[in-house]
Structure formats: C-alpha cells, structure tokens
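Just below is one structure, and these are the notes that go with it.
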Amino acid sequence: MALSTAFTKLFGVRHPIASAPMGGSAGGALAAAVSRAGGLGLLGSGGGDPDWLARELPILANGTDKPWGIGFLTWRIDAAAVERALEHRPTAVMLSFGDPSPFAERIRRAGVALILQVTDLEEARRAVDVGADVIVAQGTESGGHGARNGRSALPFVPVVVDLAAPVPVLAAGGIADGRGLAAALALGAAGAVIGTRFQATAEALVHPSITAAILEGRGEDTERNRVLDIARGSSWPSRYTARTLGHRYLDQWRGREAELAADTQAQRDYQDDVARGEVPPLPVWAGEAVDLVNDLPPAADLVATLATQAEDALTRAGKP
C-alpha cells in the first residue's frame, strides 16, 4: 500500500511524515536524515538565532537533495531570520505560535511552501486567510508548547480538515508510532508532524539525560503548565502552555503561577539550581505518547518503521 496523500504529492516525498521543528534539538543532521528517508525534515530554529542557523542550515542543505524545511516560532522572529533561511532555498517554511501575516507573503513570493501550525479554530481561520499551503492542527497531547485552552487531536483535526479544505492538513500531538499516523489519515489529515518520537533518535541534538528521561517517561508523567516558563524567565506568550515531564518546580508552584511571577527570588533560585545541576537546564518537553518511545534509532530507520506500521494498521482496519 502506498500512502500517497495531498501532502506527499505537494512536496514530492514518499511518506506522509514530517519531523517537528523542535527548537534547538531538530538540527540539520536530523532534518536531513528524515528527508533522505522520504519524509519532510524540518529544522527547528526557534527564534532564528543567527549563529545556530549559520551552523545547522549548511548541514541540512548539504545533507540531502530531497525536500526539507525550517520552522520558526512566529512570536520570536523578525524578517531577517526569514531572509537568512530563504537564502538556503528550503522547500517549506513552517511558522508556529503567533501572527504569520508579517512573513507569509515574503515566504510565498520566494516560491517556498508556507506551513502554518494552528492550535485553535481562530488560528486555523487566519491560516486559511493568509494563504497557507499546508496547515498543521496541533492537539494538546503534544510535547512542548501549545494552546492553553486547546483541544485534543482526535476532535480537533477533523474540524480543521473541514474548515481548511482543500488545503492539506497535518495532524500533530500524541503521535509516536505508525498506528497514530494511520489514525491521523483516517481523520482526514494528509499526514502527521511528529515530535517527541523524533527527539529520541540518534541525530537529535539532545543531551543524554534528556534522552534517558524520554525513554523512561510515561504519558501520565507529563503535564501542561506555565510554571517552568515563569521560573526560567521565558517570554513565551501566556496563551501557550508547555507539556513537560514532571519537575520539582512544578510540584512546588503548581496553581501559584501569579505568585511565582512576582517572586524574583524564586526565579533566581531556579537559575541557581540549574547552575548547581539540581534541575536540568531545560524542561523535558514530552508528549502524552511518550510511553511508545523506547529506543533510540537512526531517524531514517524510524521513518521507514512509521510508514510500515501505518500501512499495516490501515490494512488491518480495512479487513472485515
């Protein structure tokens, strides 16, 4: 069975799989490996740090002759970051979390596909209005940041599919094996953007302690909250919370976010604890499907496994 969808046809890729542009950890080697294997590898540049882009973009551009893309946090970037990315001639640019309007026309004028991630219906309507070529519907099961008042992927994805048609929609959130990919296709999506599962691959730029936490983590250990953003002085917009594995500061400050935001000593204590190694430098971003992550394969092998599992799941589902 060939999993041919509007997404695979649009980008000329073999599999309806994109690796999430996880800020800092989805570097050039990971994105290139996914693209070489027949998916769409997305570089996770976050706010578009020039030094990081200067290091990772050439690794990606020189690492594959297949389609690839780059993802940005819309609320953090400026036009210069987009221009630096476009110089390397990506196939796609993905924008998440914020108003894409200031950048959309420049990306499309360059002949680059515009992928917009949305976390609620307001964002989905705006994505259609600004001319997204692909829309990513992110459910709240996802690791890392997402909508404070979002919805899980199962009900959210088909609503976005209906709203955005004929624009292809990719599902995101809670997908860590081929069965999840098959479910996304059954919901009407043209593929899936997969994060936590690709964070545990040989090419991901992840500290071994983070990898170990993901491999040992369970979905019930994850929590969506703003506590860790506040404690570490992050400027993430308050409308987006983050799903992470458990953390001492979560236990200490859960439900007391306003108090934490006003307590500068507590925030200094957090930085001191990081410096002493008592808490990890970054929270462990992980989605609810982290239970399904139990090995550390090369990314290319993972792409092939996901595709085969999805084909098998759809075949089984079609049997009487």
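- In terms of hydrophobic clustering, with Ile, Leu, Val, Met, Phe, Trp and Tyr side chains grouped at heavy-atom distances under 4.5 Å, I175 and V193 are assigned to different clusters.
- Between the side chain of S35 and the main chain of G41, a donor-acceptor pair closer than 3.5 Å is present.
- The shortest heavy-atom contact between S101 and D99 is OG-OD1, 2.8 Å.
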Practice task
Apply the test side-chain contact (heavy atoms from CB on, under 4.5 Å) to residues V93 and V82: give CA-CA distance (whole Å), side-chain angles for both, the deciding distance (0.1 Å), then the verdict.
Solution key: CA-CA 9 Å; V93 169; V82 174; 5.6 Å; no
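- Rounding to the nearest 0.5 angstrom, the gap separating the CD1 atom in I214 from the CG atom in D291 is 12.5 Å.
- The side-chain heavy atoms of W68 and H88, taken from C-beta on, include a pair separated by under 4.5 Å.
- Evaluation of the salt bridge (Lys or Arg N to Asp or Glu O under 4.0 Å) test over residues 164-192, restricted to residues two or more places apart or in two chains, returns D177-R179.
- Within the 4.5 Å cutoff, no side-chain heavy atoms of L314 are placed close to those of E311.
- Inspection of the R268 and Q271 side chains reveals no N or O donor paired with an N or O acceptor under 3.5 Å.
- Annotation for G71 and S45: closest pair O-OG, 2.7 Å, computed over non-hydrogen atoms.
- Looking only at side-chain heavy atoms (C-beta outward), L95 and L116 come within less than 4.5 Å of each other.
- No donor-acceptor pair closer than 3.5 Å links the side chain of D229 to the backbone N or O of R226.
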Handout entry: Pair L3-H15, side-chain contact (heavy atoms from CB on, under 4.5 Å): steps then yes or no
Key = CA-CA 6 Å; L3 296 179; H15 305 301; 5.9 Å; no
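- Looking at every heavy atom in both residues, A172 comes nearest to V136 through CB-CG1, 3.7 Å.
- In summary, of the residues considered (Q117, E288, R224), a side-chain contact (heavy atoms from CB on, under 4.5 Å) with S142 occurs for R224 alone.
- If you take CD on E278 and CZ on R248, they are separated by 6.0 Å, rounding to the nearest 0.5 Å.
- Within a 6.0 Å sphere centred on CZ of R89, heavy atoms belonging to other residues, nucleotides or ligands number 12 at most.
- Hydrophobic clustering keeps L30 apart from L205 (ILVMFWY residues linked when any side-chain heavy atoms are closer than 4.5 Å, directly or through intermediates).
- Nearest heavy-atom pair across G150 and T140 is C-CG2, 3.4 Å.
- Expressed to the nearest 0.5 Å, how far CG of L43 lies from OG of S19 amounts to 9.0 Å.
- Judged by distance alone, the side chain of T308 and the main-chain N or O of A304 form a donor-acceptor pair under 3.5 Å.
- Taking all atoms of both residues into account, the shortest heavy-atom contact from A26 to A20 is CB-O, 3.6 Å.
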Exercise for the section: Would you check, one step at a time, whether the test side-chain contact (heavy atoms from CB on, under 4.5 Å) holds for V118 with F156? Expected result: CA-CA 10 Å; V118 304; F156 185 53; 4.3 Å; yes
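- Judged purely by atom type and a 3.5 angstrom limit, R76 has no side-chain atom pairing as donor or acceptor with the backbone of F72.
- The shortest distance between side-chain heavy atoms of R254 and N225 falls below 4.5 Å.
- Under the salt bridge (Lys or Arg N to Asp or Glu O under 4.0 Å) criterion, the residue pairs touching residues 106-128 are E83-R106, R108-D133, D120-R239, E123-R239, with sequence neighbours excluded.
- No donor-acceptor contact under 3.5 angstrom links the side chains of D263 and Q267, judged on distance only.
- Side-chain atoms of L40 and V34, non-hydrogen and from C-beta on, never get closer than 4.5 Å to each other.
- E141 contributes no side-chain N or O that, together with a main-chain N or O of G174, makes up a donor-acceptor pair within less than 3.5 Å.
- Under the 4.5 Å side-chain heavy-atom criterion for ILVMFWY residues, no single connected hydrophobic cluster contains both F11 and V112.
- R148 places a side-chain N or O within 3.5 Å of a backbone atom of S238 that can act as its donor or acceptor partner.
- In terms of heavy-atom proximity, G48 sits nearest to I77 at N-CG2, 4.3 Å.
- Under a 3.5 Å cut-off, the side chain of R36 and the backbone N or O of G63 do form a donor-acceptor pair.
- Here the straight-line distance linking atom OG1 of T241 with atom NE2 of H145 works out to 7.5 Å at 0.5 Å rounding.
- Between the OG1 atom of T119 and the CZ atom of R151 there is a distance of 11.5 Å, given to the nearest 0.5 Å.
- The OG1 atom of T91 sits 12.0 Å away from the CD1 atom of I70 when rounded to the nearest 0.5 Å.
- T196 places a side-chain N or O within 3.5 Å of a backbone atom of G287 that can act as its donor or acceptor partner.
- For the pair I17/F198, a side-chain contact is recorded, criterion being any heavy-atom separation below 4.5 Å from C-beta on.
- Counting only residues at least two apart or in different chains, ring pair (Phe, Tyr, Trp, His ring centres under 6.0 Å) contacts with residues 90-139 comprise F97-W236, F97-Y240.
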Practice task
Take I230 and W253 through the side-chain contact (heavy atoms from CB on, under 4.5 Å) test and state the conclusion after the steps.
Solution key: CA-CA 10 Å; I230 296 170; W253 291 98; over 6 Å; no
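- Within the 4.5 Å cutoff, no side-chain heavy atoms of Y249 are placed close to those of P283.
- Under the 4.5 Å side-chain contact rule for hydrophobic residues, V134 and M94 share a cluster.
- Side chains of R84 and P50 form a contact here, defined as non-hydrogen atoms less than 4.5 Å apart.
- For D78 (side chain) and A81 (main-chain N/O), a donor-acceptor pair under 3.5 Å exists by modelled atom type.
- Cluster membership for L185 and V161, using ILVMFWY side-chain heavy atoms within less than 4.5 angstrom, is not shared.
- Formation of a donor-acceptor pair under 3.5 Å by the T201 side chain with backbone atoms of A299 is not found in this model.
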